[in-house]
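Proteins come first, then strands; the chains are lettered A, B, ... in the order of their sequence lines, and each starts at number 1. Because the structure is a prediction, the values reported are computed rather than measured.
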Amino acid sequence: AQSVTQPDIHITVSEGASLELRCNYSYGATPYLFWYVQSPGQGLQLLLKYFSGDTLVQGIKGFEAEFKRSQSSFNLRKPSVHWSDAAEYFCAVGAYGNEKLTFGTGTRLTIIP
Amino acid sequence: EPEVTQTPSHQVTQMGQEVILRCVPISNHLYFYWYRQILGQKVEFLVSFYNNEISEKSEIFDDQFSVERPDGSNFTLKIRSTKLEDSAMYFCASTQNINTEAFFGQGTRLTVV
C-alpha cells in the first residue's frame, strides 16, 4: 500500500528566507506525486505534480519540487517565501494519476516578518 | 476561474441521522471524488466516481456511505446513519481525466453530536 510521510509538523521561516518542506513516499512502482496547499477556510489547491519526465518540476507561486527515486523523496522548495505563503502544505501520492490519492499529515508553515 | 462548490460549509447533525453533502463539480469534468479529513489527521480518500458508477472506494466507505450524481451537475455523498466518528471535513474534487489537475472544493465541516 502507498504511504506518505511529512516529518515536519510545523515550520517557521522568516519572510524572504528559503524554504524546503520534506516528503517521503512509499510505493512499489513509479508514483504520481503531488503537493497541495490549504489556506485557512479554503480547499486544497494544487501547487505542482510529477507524473514522469524531468525530475525537477515547477509549480505555481514560485514553488518547485524534485523527485528523487533513490531517496523516495519529493521535497518542495521555494527560494524566497512571502507572508502569503503561510498555509498548510500536503504531499500526496497516487497509484495512477489522480486516482485514490494518499496524503501526508501536512506541514504547517508560519512566516515571521 | 472554474471552481468546485460544496454546500453547506458546516453541518451539525445528531448521531443516527442521515446527512447529504452536496458538491457541484466543474462542468466539463468527468471524474469525481470524496475525501475526508478528521481534525488533526490526514486527508483520506473515500471514493471515486466515473461514468455514473463507483470506480474505487476505500475501506472507510462502507455500507453507510453512498454517492450519487442525480442530475448531471450535483455530486452527493450520503451518510445513512451518522456516527460520532464521522465528524470531519469532507472534500469533494473533480478532474477532467486522471492525468490532469484535480480541483478541490472548500469542504463541508460535518459535526455529529
- Item | Tyr35(B) side chain vs Leu101(A) backbone, donor-acceptor pair below 3.5 Å | yes

- Contact origin within Tyr50(B) toward chain A - heavy atom pairs under 4.5 Å: neither

- Could you tell me the separation between the CZ atom of Phe45(B) and the OG1 atom of Thr102(A), rounded to the nearest 0.5 Å? 9.0 Å

- Does a side-chain heavy-atom distance below 4.5 Å link Gln38(A) with Gln37(B)? yes

- Within 6.0 angstrom of Ile60(A) CD1, more than 12 heavy atoms from elsewhere: yes

- Query: For Lys100(A), is it the side chain, the backbone, both or neither that has a heavy atom under 4.5 Å from a heavy atom of chain B?
  - Reply: both

- Query: Is atom CD of Glu85(B) surrounded by more than 12 heavy atoms (other residues, nucleotides or ligands) closer than 6.0 Å?
  - Reply: yes

- Query: Any idea which heavy atoms bring Lys42(B) and Val4(A) closest together, and the distance?
  - Reply: NZ-O, 3.8 Å

- Query: When the ring centroid of Tyr36(A) is compared with that of Phe104(B), is the distance short of 6.0 Å?
  - Reply: yes

- Item | Residue Ser55(B) versus chain A: region with a heavy atom under 4.5 Å | side chain

- Ala102(B), Gly40(B), Gly105(B): which one forms the most heavy-atom pairs within less than 4.5 Å of chain A? Ala102(B)

- Between Glu56(B) and chain A, which part of the residue has a heavy atom less than 4.5 Å away: side chain, backbone, both or neither? side chain

